[in-house]
Amino acid sequence: MKEAAAQLWVEKYRPRAVSEVAHQEEVVATLQKAVKEPAGRGDLPHLLLYGPPGTGKTSTALALCRDLFGPQHYRSRVLELNASDERGIKVVRDKIKVFAQIAVVSNVNTKGPDGKTYPCPPYKIIILDEADAITRDAQTALRRTMEVYSRVTRFIIICNYVSRIIGPLASRCAKFRFNPLPMDAMKGHMRRIAKDEGVKVSDETLKFLIHSSDGDLRKAINTMQSAHRMQSDTDLDMDSISAAACLVPPSVVAAFDKATTAKGHTNTSVRKAVDEILSEGYSPIQLLAQYADRLNRRTQSEGVSKMNDMQKASLALVIASAEKALIDGCDEKIQLYDVASSISRIAHAPEDIQVLKVV
Amino acid sequence: MSTEGLLWVDKHRPSTFSELSYHSVLTKNLQSLSNTEVPHLLFYGPSGAGKRTRVHCVLRALFGQVVEKKKVVHRTLKVETKQIEVTTVASAHHIEVNPSESGNNDRLVVQELIKDMASSAPLDMKKSLKVIVLHDVDQMSQLAQQALRRTMERYSKTCRVIMVAESITKVLEPLRSRCLGIRVALPSKSDIGVVLQSVAHKEGITLPDALVQRIAETSGRNLRRALLQFEATRVSVGALELPSDAQVMLGDWEYVCQDLAVMLTRSQTAHQLIAVRKKLQELLAHAVPGDVILRRLLEEILRIADDEICPEICRVAAKFDRNLTKGTKPIFHLEAFAARFMQIYAAFLKQQAAMMD
Ligand SMILES: Nc1ncnc2c1ncn2[C@@H]1O[C@H](COP(=O)(O)OP(=O)(O)OP(=O)(O)O)[C@@H](O)[C@H]1O
Ligand SMILES: [Mg+2]
């Protein structure tokens with residue numbers, strides 16, 4: 001039988017205290033102030049934390065609660081509800097009601113088992129994580145609940161897209177945007193983990209890894225752990241990272257570019273390039289994203305980067321509509337055939353491009 | 001276990017890493033990942049590439065032979081007033097389910113099964129690792145996908161999620177962020193040849209190389225299809241020695257698509273369009289999905305159409321593919337595509353004729 005799962009690094013290195021959260025300075029400063037203020041003032045507002053995956057939203061909320069209540073009172077003071085819990089209006093309201101109605105005991109022993117003293121302010125915290133999935137109706141109902149219990153509870157609402165939260169709810173909260181982590185912040189964090197875990201990774205590879213994670217620290221850590229597992233005795237290299245991060249290798253994007261713009265190609269060879277990419281299982285959406293990157297580069301002297309602005313503009317239109325179609329669930333092959341054959345047509349008959357707009 | 005009556009695709013499915021024949025680098029990587037530190041995994045790649053087989057090999061490496069003892073369990077989940085039927089496959093260490101089969105209830109299925117799994121671990125087994133395998137996650141609703149997020153983090157000490165999808169486009173970003181992506185490419189034609197020959201060997205069949213070539217070609221590098229075609233060909237020949245020129249069996253609908261392409265290029269009249277529509281309707285009546293028909297039809301058309309008009313045909317196909325995805329009546333959009341193609345093709349022929357004069 002297998003032992004307990006060895007810990008995932010993302011969990012092992014999840015910040016325990018607000019002060020350990022990397023980069024998100026604004027929210028960290030505000031929250032640290034809230035923790036330091038003398039207990040009992042109750043001046044923590046409701047919070048709305050939003051931003052892309054893996055930037056520290058859940059971690060910050062949990063760390064804040066730990067800073068406030070310590071391990072001893074955490075359970076009685078914090079209610080965590082997330083998208084895996086039942087989100088019907090009634091269920092949420094009832095759960096919150098039951099939780100909020102039990103009065104907070106004042107004058108609690110604020111010394112934790114670890115000997116530290118925690119502020120233990122006289123309110124409870126309700127964390128609504130992954131709130132993107134809460135229906136508008138349920139949100140409207142929540143608004144009322146928030147008001148009813150506002151003296152004894154604080155809400156922390158967490159989501160990826162702030163637009164999914166209805167205005168009246170959002171306006172009751174102090175809003176904090178979590179930004180994708182920049183290179184430097186990530187690098188410091190990753191270096192520390194690499195050192196602790198004995199991962200050998202060159203600066204260049206680490207940069208590539210971070211770049212390919214798009215500001216998502218969780219992804220970067222996960223990728224490093226997996227790549228490390230796959231080749232624990234050697235230094236990490238770019239190939240293993242490309243694979244672990246679901247990227248289309250740059251060489252494949254380059255080959256696609258060449259196949260669609262090179263002289264002397266035929267429609268058959270263009271489609272063959274598409275077939276090949278799909279057979280390899282690369283993600284078409286990822287391909288389009290990386291291809292668009294290439295299109296926007298000015299320094300290159302071959303393929304799509306050599307096109308004139310008019311060509312590039314009409315190509316951007318084609319790519320945009322294909323990306324939307326793919327998200328909507330259209331057929332990957334049909335859409336990529338369209339993109340690829342449009343590229344080749346635009347590349348070879350620049351004067352003909354207006355034809356592409358009208359179908 | 002008795003293998004009597006099993007299709008060759010199932011009968012000869014490898015169950016350990018050492019039996020896997022292609023993608024050796026991937027196999028090596030999976031092997032080194034299959035220990036207690038295994039992360040959440042997201043297998044993705046085209047249908048017929050061998051994702052399911054590899055998932056099984058991971059389970060086998062994690063837990064040993066006991067995962068072979070799996071049972072199909074039909075369960076009824078009672079949630080509030082609803083009763084939801086789900087079919088799961090489970091061993092002592094893992095459970096497999098395809099939540100998208102439950103349609104709009106997929107979120108409830110995910111929630112209930114995970115709750116179950118997290119709470120069902122007896123105290124002394126608390127330390128053992130459990131794996132939940134979710135198939136077709138790209139078909140799961142957004143809500144169901146959302147429901148996995150925090151759960152994957154919260155139970156990560158005892159529970160791993162292995163997800164399988166054809167394409168990661170429709171897998172939510174927060175989910176992708178929580179998993180290690182494992183891309184499984186289709187096997188190459190020669191990879192397919194190797195597998196076919198090894199199955200032929202085990203079944204005591206003589207399989208000429210020329211026939212292997214043709215099966216590999218028509219299968220479109222889809223291994224499952226290649227094996228099914230091989231078995232169908234074997235059945236239709238009815239002997240252990242297959243001739244090199246044996247006909248490779250395609251699905252009926254594929255022949256129909258071939259016919260359709262020919263019809264559309266042969267004549268472009270209202271009359272012909274009616275005949276085309278009738279065939280399209282037949283295909284749909286046989287439960288061939290609209291997008292599958294459109295894709296195959298496009299492929300067949302591009303095979304015979306002149307290079308010059310291919311980009312335009314692709315444009316038009318992409319447009320009707322979008323309409324088809326949004327709409328509810330596939331026949332409208334398929335017919336519209338056929339009509340539009342006729343128009344393009346007729347104009348092209350006319351232009352050609354004018355140039356001849
Ligand atoms: N700002 C950060 N500082 C330190 N660690 C971080 C930070 N952001 C992310 N991490 C790391 O990534 C992991 C996931 O972070 P977290 O759960 O906070 O993400 P999230 O913003 O809630 O993402 P999601 O939107 O996907 O739920 C953490 O366990 C931690 O290891
Ligand atoms: Mg989170």
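Just so you know, these numbers come straight off a predicted model, no measurement behind them. A, B, ... follow the sequence lines: proteins, then strands. Residue 1 opens every chain.
- Heavy-atom pairs under 4.5 Å with chain B were tallied for A:Lys219, A:Arg271, A:Lys324; the largest tally goes to A:Arg271.
- For B:Ala49, no part lies under 4.5 angstrom from a heavy atom of chain A.
- Scanning for side-chain hydrogen bond (donor to acceptor under 3.5 Å, both in side chains) contacts around B:Thr169 gives B:Ser167, with sequence neighbours left out.
- In this structure, chain A has no heavy atom under 4.5 Å from any part of B:Ile313.
- In A:Arg16, the CZ atom is crowded: over 12 heavy atoms of neighbouring residues, nucleotides or ligands sit closer than 6.0 Å.
- The candidate with the highest count of non-hydrogen atom pairs below 4.5 Å against chain B, out of A:Leu326, A:Thr266, A:Asn160, is A:Asn160.
- In this structure, CD in B:Gln145 is found 10.0 Å from CG in B:Leu134, a value given to the nearest 0.5 Å.
- Among B:Pro39, B:Gly45, B:Gly220, B:Pro46, the residue making the largest number of heavy-atom pairs under 4.5 Å with chain A is B:Pro46.
- Under the side-chain hydrogen bond (donor to acceptor under 3.5 Å, both in side chains) criterion, B:Arg295 pairs with A:Asp331, not counting sequence neighbours.
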- Message: Show, in sequence, the C-alpha distance, side-chain angles and deciding distance for A:Tyr50 and A:Asp132, and conclude whether the side chain to side chain donor-acceptor pair (under 3.5 Å) test is met.
- Response: CA-CA 10 Å; A:Tyr50 65 99; A:Asp132 306 76; over 6 Å; no
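- In terms of heavy-atom pairs under 4.5 Å with chain A, the best-connected choice from B:Lys326, B:Arg221, B:Arg183, B:Gln146 is B:Arg183.
- Contact tally against chain A (heavy-atom pairs below 4.5 Å) for B:Cys179, B:Ser188, B:Pro174, B:Ala147: the top residue is B:Ala147.
- Both the backbone and the side chain of A:Asp328 have a heavy atom closer than 4.5 Å to some heavy atom of chain B.
- Note that CH2 of A:Trp9 and CD1 of A:Ile193 are 8.0 Å apart. Values are rounded to the nearest 0.5 Å.
- A salt bridge is absent between B:Glu299 and B:Arg303; no separation between the charged side-chain nitrogens and carboxylate oxygens falls under 4.0 Å.
- Taking CG of B:Leu42 as the start and CZ of B:Arg178 as the end, the distance is 13.0 Å to the nearest 0.5 Å.
- Residue contact with chain B, scored on non-hydrogen atoms closer than 4.5 Å, involves the side chain of A:Thr58 exclusively.
- Of the atoms belonging to A:Leu62, it is side-chain heavy atoms, and not backbone ones, that fall under 4.5 Å from chain B.
- By the 6.0 Å and 45° rule, B:Arg54 stacks over the aromatic ring of B:Tyr22.
- Comparing B:Gln31, B:Glu153, B:Glu173, B:Lys170 by how many heavy-atom pairs each has under 4.5 Å with chain A, the most go to B:Glu153.
- Nearest approach of A:Glu11 to B:Ser156, heavy atoms of both residues: CG-OG, 3.4 Å.
- Proximity to chain B (any heavy atom under 4.5 Å) is restricted, for A:Leu278, to the backbone atoms N, CA, C and O.
- Looking at A:Ser321, the atoms closer than 4.5 Å to chain B (heavy atoms on both sides) sit in the backbone and in the side chain alike.
- Among the candidates A:Pro284, A:Ser341, A:Cys330, the residue making the largest number of heavy-atom pairs closer than 4.5 Å to chain B is A:Cys330.
- Contacts between A:Glu80 and chain B at a heavy-atom distance below 4.5 Å involve backbone atoms as well as side-chain atoms.
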